[in-house]
Amino acid sequence: QLQLVESGGGLVQPGGSLRLSCAASGFTLNNFAIGWFRKAPGKEREGVSCMSSSGGSKNYADSVKGRLTISRDNAKNTVYLQMNSLKPEDTAVYYCAARKRLCGVDFGSWGQGTQVTVSS
């Protein structure tokens, strides 16, 4: 009954913005760290960002620092990834995943992903 559902992906021009959402059901986000990951064709899955359950720790991949921002709304049981100044290399399927309390390497409760395509 644990579920994460991503939404908000789409086609955007370089320099544009998107806001991805990760909605949780079956558990409350305030007990879990939530990470954003992405998988581009021909590449391994990479971590994009992560926020601890308390919100006190936020991590970003070097490739997205200054352009992407992770946030959470516990009242809505939703985590967001605001994506600005998008580049073609940001094109990928974006996934969210949950881990108890702290960010780490062994995430579970993966969503199905949402496609982000950055192209002119």
Side-chain angles (χ1 to χ4, degrees):
Q1 62 180 324
L2 303 180
Q3 187 177 32
L4 294 171
V5 178
E6 302 93 338
S7 63
L11 175 64
V12 64
Q13 294 184 341
S17 298
L18 288 172
R19 188 194 192 196
L20 306 185
S21 298
C22 175
S25 62
F27 64 98
T28 54
L29 287 180
N30 65 347
N31 294 321
F32 291 85
I34 299 295
W36 284 98
F37 302 81
R38 65 187 181 186
K39 177 70 170 66
K43 294 183 176 293
E44 297 294 322
R45 184 184 67 201
E46 66 172 330
V48 175
S49 183
C50 186
M51 173 181 283
S52 63
S53 60
S54 69
S57 179
K58 298 178 181 179
N59 302 315
Y60 298 95
D62 289 340
S63 59
V64 305
K65 286 181 179 178
R67 301 188 298 114
L68 274 60
T69 303
I70 189 171
S71 63
R72 70 199 302 147
D73 187 337
N74 287 333
K76 297 181 179 180
N77 220 30
T78 300
V79 170
Y80 303 98
L81 186 67
Q82 180 66 47
M83 309 171 70
N84 299 326
S85 301
L86 285 166
K87 304 175 180 180
E89 50 263 44
D90 294 318
T91 297
V93 178
Y94 284 72
Y95 303 86
C96 62
R99 185 180 189 271
K100 190 70 174 181
R101 278 184 46 77
L102 302 177
C103 296
V105 298
D106 56 337
F107 282 81
S109 301
W110 291 82
Q112 295 300 306
T114 185
Q115 176 72 49
V116 172
T117 302
V118 185
S119 176
S120 59

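In this chain, residues are counted from 1 in sequence order.
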Review point. Partners of Glu89 by side chain to side chain donor-acceptor pair (under 3.5 Å), sequence neighbours excluded?
Key: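 Glu89 satisfies side chain to side chain donor-acceptor pair (under 3.5 Å) with no residue once adjacent residues are dropped.
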Check your understanding: Looking at residues at least two apart in the chain, or sitting in another chain, which of them share a side chain to side chain donor-acceptor pair (under 3.5 Å) with Thr69?
Key ->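 Checked Thr69 against side chain to side chain donor-acceptor pair (under 3.5 Å); zero matches.
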Check your understanding: Is Trp36 reachable from Leu86 through a run of hydrophobic residues whose side-chain heavy atoms are each under 4.5 Å from the next?
Key ->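 Leu86 and Trp36: one cluster.
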How far apart are the closest heavy atoms of [X] and [Y], and which atoms are they?
| X | Y | result |
| --- | --- | --- |
| Ala98 | Leu4 | N-CD1, 3.7 Å |
| Arg99 | Val105 | NE-N, 4.1 Å |
| Ile34 | Ile70 | O-CD1, 3.7 Å |
| Lys76 | Thr78 | O-OG1, 2.9 Å |
| Asn77 | Phe27 | ND2-O, 2.9 Å |

State, with a plain yes or no, whether a side-chain heavy atom of [X] is found less than 4.5 Å away from one of [Y].
| X | Y | answer |
| --- | --- | --- |
| Arg67 | Tyr60 | no |
| Glu46 | Val64 | no |
| Leu81 | Leu68 | yes |
| Glu6 | Val93 | no |
| Phe37 | Lys39 | no |

Review point. Does Lys65 have any salt bridge (Lys or Arg N to Asp or Glu O under 4.0 Å) partners at least two apart in sequence or in another chain, and if so, which?
Key: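 Applying salt bridge (Lys or Arg N to Asp or Glu O under 4.0 Å) to Lys65 gives Asp62.
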Nearest-0.5 Å distance that lies between atom [atom1] in [X] and atom [atom2] in [Y]:
| X | Y | atom1 | atom2 | answer |
| --- | --- | --- | --- | --- |
| Met83 | Ser49 | CE | OG | 10.5 Å |
| Thr91 | Arg38 | OG1 | CZ | 9.0 Å |
| Ser54 | Leu102 | OG | CG | 8.0 Å |

Point to revise | Summary of disulfide bond (SG atoms under 2.5 Å apart) pairs that have at least one residue in residues 53-120, sequence neighbours excluded | key: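 Sorted result for residues 53-120: Cys22-Cys96, Cys50-Cys103.
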Check your understanding: Under 3.5 Å, side chain of Ser57 to main-chain N/O of Ser52, donor-acceptor pair present?
Key ->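 Here the side-chain-to-backbone pair does not exist.
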Check your understanding: Just by modelled atom types, is the Ala33 backbone N or O under 3.5 Å from a matching donor or acceptor in the Arg72 side chain?
Key ->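 Looks like no, no N/O pair under 3.5 Å.
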Under 3.5 Å, side-chain donor or acceptor atoms of residues 107-120 against the rest of the protein: list the pairs with distances, not counting sequence neighbours.
residue, atom, partner, partner atom, Å
Trp110, NE1, Phe107, O, 3.2
Thr114, OG1, Gly9, N, 3.1
Gln115, NE2, Ala92, O, 3.4
Gln115, NE2, Thr117, OG1, 3.4

**Study point:** Between Asn31 and Ser53: side-chain donor-acceptor atoms closer than 3.5 Å
**Key:**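 No - no donor-acceptor pair under 3.5 Å links their side chains.
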Review point. What residues, two or more places apart in sequence or in another chain, satisfy side chain to side chain contact (heavy atoms under 4.5 Å, CB included) together with Ser7?
Key: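 Per chain and number, Ser7 pairs via side chain to side chain contact (heavy atoms under 4.5 Å, CB included) with Ser21.
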